[in-house]
Participant: 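I'd like to ask some things about the structure below.
Residue numbers begin at 1 in each chain, while the letters A, B, ... track the order of the sequences. Keep in mind that the numbers below use all heavy atoms, side chains included, and drop hydrogens, waters and symmetry copies.
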There are 2 protein chains.
Amino acid sequence: MRIGELSERAGVSTRTLRHYEELGLLPARRRANGYREYDEADLRLLAEIRDLVELGFALEETRPFLDCLRAGHPTGTSCPDARAVQLRKLAEVDDLIDRLRAVRAELADQLDAPAPRCHLTC
Amino acid sequence: MRIGELSERAGVSTRTLRHYEELGLLPARRRANGYREYDEADLRLLAEIRDLVELGFALEETRPFLDCLRAGHPTGTSCPDARAVQLRKLAEVDDLIDRLRAVRAELADQLDAPAPRCHLTC
DNA sequence: GCTGGCGTTCTCGTGGACGTGAAGGTCTAG
DNA sequence: CTAGACCTTCACGTCCACGAGAACGCCAGC
């Protein structure tokens with residue numbers, strides 16, 4: 001299929017697909033006329049990228065997962081490299097959640113506190 | 001005081017102070033020679049900016065808090081505009097925490113799941 | 001008067017993931 | 001034969017909060 005069809009089926013822009021190719025994440029075969037040619041496997045790889053990005057992975061971080069799938073493994077998490085990245089991401093997320101909880105607490109505190117009295121509109 | 005001293009005392013770069021002035025967040029008086037002149041009130045305002053930024057507010061979002069302080073109110077959260085922004089931010093943070101929890105769960109699931117069997121290195 | 005340490009403005013660079021034209025080639029239907 | 005719906009490659013723009021450097025002015029002490 002051409003870029004437009006893949007774009008349509010995956011719900012991403014053609015610009016995005018060209019961007020992924022630039023990064024070497026999702027290289028495309030070429031037809032005689034220069035048009036990019038994709039297949040069902042590319043759709044699967046693209047889905048993997050979008051899933052991971054959705055989970056907060058940077059594009060570069062998806063590379064080991066794609067390599068894993070291309071190597072014939074059934075899931076992107078079947079390989080050590082990918083699992084390592086995922087573990088790291090889990091730690092990052094845990095850390096972020098902790099910090100956000102602290103922020104949330106502070107925001108709530110400030111809102112709960114009654115507006116201090118002052119000489120103007122309070 | 002001049003920009004260098006405020007920078008030093010607040011622990012921010014002079015570039016940052018000039019940036020805040022560009023945005024109109026922290027305008028400075030000028031000496032006859034063109035040097036920026038700041039006072040203790042500016043230090044207080046700057047502290048407010050940094051506190052809010054630390055909590056995840058964008059620079060633009062700090063504006064109502066600064067206006068509130070400049071109007072003579074004892075805290076940045078004494079005014080309706082500022083409280084509204086803070087309430088919105090609290091909702092944003094809650095939402096983000098929820099989504100991150102879901103992401104965390106999914107990441108953990110994928111890691112807990114035993115690597116599925118395949119014909120190569122698994 | 002000269003060095004050194006301040007200050008000034010201006011302008012471009014950074015990172016991430018693309019958006020948005022511009023200028024053109026290719027293919028299909030009418 | 002031509003419209004129009006695809007496709008191609010540049011290459012600059014976006015958002016945000018500054019960093020970095022150039023080229024210059026101001027002022028203190030020696």
Participant: Tell me if the side-chain of Arg2(B) makes a donor-acceptor pair with the base of dG7(C), cut-off 3.5 Å, by modelled atom types.
Facilitator: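 Side chain to base: no pair below 3.5 Å.
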Participant: If I take atom CG in residue Leu59(A) and atom C1' in nucleotide dC18(C), what distance separates them, rounded to the nearest angstrom?
Facilitator: 9 Å
Participant: Going by heavy atoms closer than 4.0 Å, what residues in residues 34-54 of chain B are next to DNA chain D?
Facilitator: Tyr35(B), Arg50(B)
Participant: With the threshold set at 4.0 Å, does a side-chain nitrogen-carboxylate oxygen contact exist between Arg30(A) and Glu21(A)?
Facilitator: yes
Participant: Roughly how many Å is it from NE2 in His19(A) to P in dG16(C), rounded to a whole number?
Facilitator: 10 Å
Participant: Can you check whether Ser13(A) has a side-chain N or O nearer than 4.0 Å to OP1 or OP2 of dC18(C)?
Facilitator: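 Negative; the distance criterion is not met.
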Participant: Calculate the interatomic distance between Met1(B) atom CE and dC6(C) atom C1'; express it in whole Å.
Facilitator: 16 Å
Participant: So does Glu40(B) pair up with Arg44(B), basic N to acidic O under 4.0 Å?
Facilitator: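 A salt bridge is absent here (no side-chain N lies under 4.0 Å from a carboxylate O).
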Participant: Heavy-atom contacts under 4.0 Å between residues 22-30 of chain B and DNA chain D, which residues?
Facilitator: none
Participant: Among the nucleotides dT9(D), dC18(C), dC18(D), which one has an atom lying closest to any side-chain atom of Tyr20(B)?
Facilitator: dC18(D)
Participant: Using 4.0 Å as the upper bound for N to carboxylate O, is an ion pair formed by Arg63(B) and Asp67(B)?
Facilitator: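 Result for this pair is no, no salt bridge flagged.
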Participant: Honestly curious: do Leu26(A) and Leu43(A) fall in one hydrophobic cluster under the side-chain, below-4.5 Å linking rule?
Facilitator: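 Yes, because Leu26(A) and Leu43(A) connect within a single hydrophobic cluster, where side-chain heavy atoms sit under 4.5 Å apart.
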Participant: Can you tell whether the side chains of Glu61(A) and Lys89(A) come within less than 4.0 Å, N to carboxylate O?
Facilitator: yes
Participant: Using OP1 and OP2 only, check whether a side-chain N or O of Arg18(A) sits under 4.0 Å from dC18(C).
Facilitator: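 No, because none of the side-chain N or O atoms of Arg18(A) sits under 4.0 Å from OP1 or OP2 of dC18(C).
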Participant: Does a nitrogen or oxygen in the side chain of Thr16(B) sit under 4.0 Å from OP1 or OP2 of dA17(D)?
Facilitator: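 Answer no for this pair, as no side-chain N or O of Thr16(B) is under 4.0 Å from OP1 or OP2.
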Participant: Under the side-chain contact (heavy atoms from CB on, under 4.5 Å) criterion, do Glu54(A) and Ile49(A) qualify, and how do the steps go?
Facilitator: CA-CA 8 Å; Glu54(A) 188 76 10; Ile49(A) 298 179; over 6 Å; no
Participant: Closest approach of Pro27(B) and Arg29(B), non-hydrogen atoms and distance?
Facilitator: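 Shortest heavy-atom contact: O-NH1, 3.8 Å.
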Participant: How close or far is atom P of dC26(D) from atom CD1 of Ile3(B), stated in whole angstroms?
Facilitator: 17 Å
Participant: Checking side-chain contact (heavy atoms from CB on, under 4.5 Å) for the pair Tyr35(B)/Ile3(B): CA distance, chi angles, key distance, verdict?
Facilitator: CA-CA 8 Å; Tyr35(B) 286 14; Ile3(B) 196 170; over 6 Å; no
Participant: Do NZ/NE/NH1/NH2 and the carboxylate oxygens of Glu22(B) and Arg18(B) come within less than 4.0 Å?
Facilitator: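 No, this pair does not count.
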Participant: Nearest whole angstrom, please: distance from the C1' of dC27(D) to the CZ of Arg31(B).
Facilitator: 11 Å
Participant: Closer than 4.0 Å, any side-chain N/O of Asn33(B) to the OP1 or OP2 of dG25(D)?
Facilitator: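 No, outside the criterion.
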Participant: CZ of Arg15(A) versus C1' of dG21(C): gap in Å, rounded?
Facilitator: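 The distance from CZ of Arg15(A) to C1' of dG21(C) comes to 12 Å, rounded to the nearest Å.
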Participant: Could you give the CD-to-P distance, from Glu21(A) to dT9(D), as a whole number of Å?
Facilitator: 7 Å
Participant: Rounded to whole Å, please give me the gap between CG in Leu6(B) and P in dG7(C).
Facilitator: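 One finds 11 Å between P of dG7(C) and CG of Leu6(B), rounded.
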